[in-house]
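Computed from a prediction, not measured in an experiment: that's the story for all the values here.
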Amino acid sequence: MDSVTVGSITFACTMGGATLGMFLRGRLPAEHLCKQSKEIVQLGTGLVATMAALVLGLLVASAMDTFDAQRNGVREIAGNIVLLDEALAHYGGPTATIARQILRARLTAAIQQTWPDEKTEALDPLESIARIAADGDDVYDLINKFAPTDDAHRSIQSQAQAIVADLAKTRWQLSHPDDTTIPELFVALVVFWLFVLFVSFGLFSPANTTVFATLLVCAISVSGAMLMIIDLDQPSRGLVRVSSTPLRSALEQIGRKQGAATSVIAY
């Protein structure tokens with residue numbers, strides 16, 4: 001579901017319902033608009049309004065849970081990347097240095113791919129060389145090739161392997177989420193309920209500018225709410241997206257350490 005499409009459909013249905021109600025008001029017989037009829041309609045629409053409010057609350061909670069899960073996942077990945085870089089830096093050696101360079105290169109590419117509209121520094125020549133020198137190996141493959149000579153290095157290798165595995169797991173969960181956690185039938189049902197409510201609003205409202213402006217504002221409000229609900233439920237491709245700040249902070253921290261390590265090696 002596209003959030004803009006859902007918002008537009010909701011607006012069309014609500015304003016169309018209000019217009020339909022005003023149209024019917026001028027053409028229905030008087031007995032259909034009497035006090036007793038109005039009371040029955042108000043009771044029915046009150047029930048529909050209550051159900052719509054409850055379901056909207058559930059949809060908001062579900063959308064926020066999805067958004068928070070994605071945001072927390074990005075933070076977790078950023079933290080694990082920094083920990084992994086720390087472990088590789090403590091291990092030392094040319095293989096660990098290449099692994100750190102590839103780690104930064106992969107992180108830079110991931111940010112550029114996920115947030116293409118945000119400016120990201122280009123990969124420097126050192127990182128391009130690291131990719132070639134690795135001969136196709138990934139960070140996990142390079143860590144497995146470590147040859148620790150003491151308990152300290154073996155401990156760091158095990159820790160790095162565990163971090164990489166956790167990174168792969170979190171990355172897969174974030175890159176393969178459910179298309180949406182909100183069933184389309186729920187969305188269609190809520191839109192139908194809103195349509196019924198606005199028909200009742202127009203049916204018992206006088207046709208004047210004030211009433212029309214009020215109904216217009218209400219239609220914009222509920223359609224905006226539906227748009228935001230669907231948008232938050234799709235944090236990786238919606239209008240409101242998860243921030244890249246944690247990953248960019250991790251990239252800057254790795255970048256500073258990479259620069260320091262490179263200077264030492266060059267010296």
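Here CG of L216 is found 9.5 Å from OG1 of T19. Values are rounded to the nearest 0.5 Å. Annotation: the span from F198 atom CZ to T45 atom OG1 amounts to 12.0 Å, rounded to 0.5 Å. Note: I220 CD1 to L215 CG = 11.5 Å, rounded to the nearest 0.5 Å. Distance check, rounded to the nearest 0.5 Å: OG of S223 to CD1 of I9 gives 11.5 Å.
Judged by distance alone, the side chain of S155 and the main-chain N or O of D151 form no donor-acceptor pair under 3.5 Å. In this structure, Q157 contributes its side chain and I143 its backbone to a donor-acceptor pair below 3.5 Å. A donor-acceptor pair under 3.5 Å is formed between the side chain of T170 and the backbone N or O of D166. Under a 3.5 Å cut-off, the side chain of D231 and the backbone N or O of S3 do not form any donor-acceptor pair. Looking at S200, its side chain does come within 3.5 Å of a backbone N or O of L197 through a donor-acceptor pair.
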Worked verdict on L56 versus I229 for side-chain contact (heavy atoms from CB on, under 4.5 Å): CA-CA 9 Å; L56 280 173; I229 289 172; 4.0 Å; yes
Under the side-chain contact (heavy atoms from CB on, under 4.5 Å) rule, what do L227 and L239 come out as? Steps first, then yes or no, please. CA-CA 9 Å; L227 183 149; L239 298 176; 4.1 Å; yes
Just do the side-chain contact (heavy atoms from CB on, under 4.5 Å) check on V164 and N80 with the steps written out, would you? CA-CA 8 Å; V164 171; N80 281 334; over 6 Å; no
Using the side-chain contact (heavy atoms from CB on, under 4.5 Å) rule, take T66 and Q234 through it: C-alpha gap first, then chi angles, then the decisive distance, then the call. CA-CA 8 Å; T66 301; Q234 302 170 351; over 6 Å; no
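For R25 against S205, the heavy-atom pair with the smallest separation is CD-O, 3.2 Å. Shown here for A78 and A250, the closest heavy-atom pair between the two residues is O-CB, 3.8 Å. Residues V211 and N208 come closest through the heavy atom pair N-OD1, 2.8 Å. The heavy-atom pair separating R100 from D85 by the smallest distance is NE-OD1, 2.9 Å.
Ring geometry for Y91 versus H153: interplanar angle over 60°, hence perpendicular rather than tilted (30 to 60°).
One hydrophobic cluster, built from ILVMFWY side chains closer than 4.5 Å, holds both V222 and L189. Cluster annotation: F146 and L83 are assigned to the same hydrophobic cluster (Ile/Leu/Val/Met/Phe/Trp/Tyr, side-chain heavy-atom contacts under 4.5 Å, transitive). M226 and F11 fall into different hydrophobic clusters, defined by Ile, Leu, Val, Met, Phe, Trp and Tyr side-chain heavy atoms under 4.5 Å apart, directly or through other members. A continuous path of Ile, Leu, Val, Met, Phe, Trp and Tyr side chains, each step under 4.5 Å between heavy atoms, connects L107 with W115, placing both in one hydrophobic cluster. Note: the hydrophobic cluster containing I77 also contains I254 (ILVMFWY, side chain heavy atoms under 4.5 Å, direct or indirect links).
Heavy atoms of other residues, nucleotides or ligands lying less than 6.0 angstrom from CZ of F212 number 12 at most. Atom CD of Q113 has 12 or fewer heavy atoms from other residues, nucleotides or ligands within 6.0 Å.
Salt-bridge formation is detected for the pair D68/R71: a Lys NZ or Arg NE/NH1/NH2 atom is positioned less than 4.0 Å from an Asp or Glu carboxylate oxygen.
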